[in-house]
Amino acid sequence: MKLKSINSNVIIEPFRIRSVEPIRFTTIRERQKLLEKASWNPFLLKATDVLIDLLTDSGTGAMSSRQWAAMIESDESYAGSSSFYRFETAVRDITGFKHVIPTHQGRAAENILFSLLVRKGDVIPNNTHFDTTRAHVEHRSGQALDLIIKEGLEPLTIHPFKGNMDTVRLEETIRETLGETTGESTDEISSESQSERARKRIPVIMLTVTNNSGGGQPVSMANVREVSRIARKYGIPFFIDACRFAENSWFIKMREDGYQDKTPIDIARELFSYADGCTMSAKKDGMSNIGGYLALNDDDLARECRSLSILTEGFPTYGGMAGYDMEAVAAGLYEALDEGYLRYRIRSTEYLGEKLVDAGVSIIQPTGGHAVYIDARHMLPHIPPLQYPAWSLTNALYLTGGVRAVEIGSVMFGLQPDGTEKPAPMELVRLAIPRRVYTQSHIDYLADVVIHTYEQREKLDGYRIVAAPKVLRHFSARLEPLE
Ligand SMILES: *Cc1c(COP(=O)(O)O)cnc(C)c1O
C-alpha cells in the first residue's frame with residue numbers, strides 16, 4: 001500500500017494539554033455591571049471576569065512539562081548555581097555573546113545598559129523604541145529616535161519586513177550628529193576622529209525584533225546586516241532588543257531568500273552574530289512568566305554592567321531571578337525556536353487576521369507575530385478621536401464576548417506634557433496572543449466576537465474621561481460612555 005500523508009491546512013496545536021485552568025463564562029448583563037464597576041476601564045477588571053484575555057503576550061504564556069521539570073530540579077544558590085550555568089550556556093549557545101547578565105525582566109537589562117551608555121543629549125536610533133526603552137533613554141535626557149521605514153507607518157501597505165530600519169536615514173543621522181558636534185562638514189573629518197565623535201553622541205544603535213510598537217512586524221536579515229555594517233563603520237555599538245527573536249527568525253525563514261532551508265536556531269544565531277549585544281525580556285520568546293537578560297561581548301562594559309546589576313538586580317549569577325526562573329528560561333528559549341511551535345504560533349495569528357480581513361474589519365497588514373491590531377478609526381468614523389474610538393471598541397469586545405484587548409490610541413497617547421489633548425496618530429485595538437494558551441477554537445470564537453461587534457459598529461458610542469492621572473493615564477483612568 002502506498003498511502004500519502006495528509007497535508008492539512010488546519011492549525012493543530014503542537015502540544016497536548018495536561019494541565020488546565022478553567023475560564024468563567026459571564027452574561028452580557030454581568031459584563032455590563034463589571035465594566036461599569038471598573039469605571040469602563042478594562043485594566044481595572046479582574047482577570048477572572050475575562051473569558052479570553054489578550055491584554056498582553058508578556059509573561060502570560062503556558063510553560064511546558066519540561067520547563068516545570070527543570071524548575072523542580074533547580075539549584076537555589078546565591079552565587080554560581082548550576083541553574084545559572086545552564087541559563088548562561090543556553091543564552092550563549094543561541095546568541096553567541098560572551099557575557100550573560102541575568103535580570104528580573106527586560107526593562108532591567110535596559111536600565112543597566114542605558115545607565116552606563118546614555119548621557120544627556122545623546123541620540124539613540126532604533127527602528128521603533130518600545131515604551132520602556134524610550135522611557136529609559138528619555139529618563140537619562142537622551143533622544144529616542146525612531147527610524148522605521150516609511151511602509152512601517154502605513155497600516156495597509158503590504159511589505160514582508162515592515163519592521164526594517166531606514167538605513168539611509170540612519171547613516172544621515174550619524175553624519176548630521178557628527179556635523180553638529182564639530183560645526184564642520186563631515187567630509188572634512190578624518191575617518192578615525194569621525195568614529196570617535198560619533199561615539200560621543202550616538203552611544204548605541206538599537207534594533208527591535210520583531211518591532212513591537214510597530215505591530216509586531218519583522219526585520220529582515222539583510223536589514224540587520226546593513227545596520228551592523230553602518231554601526232561598525234562609525235564604531236558605534238549595536239544592540240538588539242531581542243524579545244521576539246524567535247518569531248522574527250521564523251518570518252525570515254518564511255519570507256527572505258536564502259533562508260527557507262535554515263532552522264530557526266541557525267537564523268537566530270546569524271542574526272545575533274551581527275550585533276555587539278542584546279537586551280531580552282524572557283516573558284516573550286523566553287517562554288517564561290518572568291525573567292530577562294543583558295548579553296554582550298565587550299569585556300569592560302560587561303564588568304561595569306555586572307557591578308551596576310548588583311545595585312538593582314542582585315548578584316550577577318541570579319540577577320533578580322530564582323534558580324527555577326533561570327531553568328524555565330534556559331529550556332524556554334529552545335522551545336520558542338521549535339519549528340512546529342513557530343509554525344502554529346505565527347499561523348494562528350495570521351489566521352485570525354485573515355478571518356477579520358475577510359469580514360471587512362481593517363487591521364494592520366500583514367499580520368504581525370504576536371498580535372492583531374484593529375484600526376478603530378476606520379471602523380468607527382462616527383466617533384471623533386477625542387471620544388476615543390479604540391477605547392469604545394475595546395469595551396465593546398468585552399461586552400459582546402468577554403474578550404479583553406488593549407487600546408493603543410488617544411487615551412494611551414493623547415495627553416500632552418502641557419496638559420492639553422491631541423489625537424494619537426492611530427486609534428488601534430491590540431489583540432495580543434499569549435503563547436501556547438489559547439486553542440484554535442478560542443481563536444475562532446475570538447474572530448466571531450470581533451466580527452459580531454463589527455456588525456453592530458454603528459451602535460458604539462464614544463467615551464469621556466471622568467478622572468485620570470497625568471502620566472500613563474490609561475492604566476487607571478475612570479471613564480463614562482457618552483450616550
Ligand atoms: C516587553 C518588552 C520590553 C520590556 O520587557 P519587560 O520584561 O516587560 O520589562 C522591551 N522591549 C520590547 C520590544 C518588549 O516587547
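Heavy atoms only: backbone and side chains are in, while hydrogens, waters and symmetry mates are out. Whatever order the structure lists ligands and atoms in, that order sets their numbers, starting from 1.
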To the nearest 0.1 Å, how far is [atom] from its closest protein heavy atom, and which atom is that?
atom: atom 6 (P) of ligand 1; answer: Gln105 NE2, 3.3 Å
atom: atom 1 (C) of ligand 1; answer: Lys284 NZ, 1.4 Å
atom: atom 10 (C) of ligand 1; answer: Glu110 OE2, 3.1 Å
atom: atom 7 (O) of ligand 1; answer: Ser281 OG, 2.6 Å
atom: atom 11 (N) of ligand 1; answer: Asp241 OD2, 2.8 Å

As an exercise, identify every atom of ligand 1 less than 4.0 angstrom from a heavy atom of [X].
X: Arg244; value: 15 (O)
X: Lys283; value: 7 (O)
X: Arg107; value: 4 (C), 5 (O), 6 (P), 8 (O), 9 (O)
X: Thr208; value: 13 (C)

Taking 4.0 angstrom as the limit, do [X] and [Y] come out as a salt bridge?
X: Lys162; Y: Glu154; value: no
X: Asp285; Y: Arg435; value: yes
X: Arg169; Y: Glu176; value: no
X: Asp146; Y: Arg134; value: yes
X: Asp49; Y: Arg404; value: no
X: Arg345; Y: Glu247; value: yes

**Study point:** Contact check, side chains of Gln143 and Val137, non-hydrogen atoms, under 4.5 Å
**Key:** no
**Study point:** Min N/O separation Gly106 to ligand 1 under 3.5 Å
**Key:** yes
Point to revise | Cationic tip of Lys284 above Phe130 ring, under 6.0 Å, 45° of axis | key: yes
Point to revise | Whether Gly292 lies under 4.0 Å from ligand 1, heavy atom | key: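 In this structure, Gly292 fails to qualify as a contact of ligand 1 - no heavy atom is under 4.0 Å.
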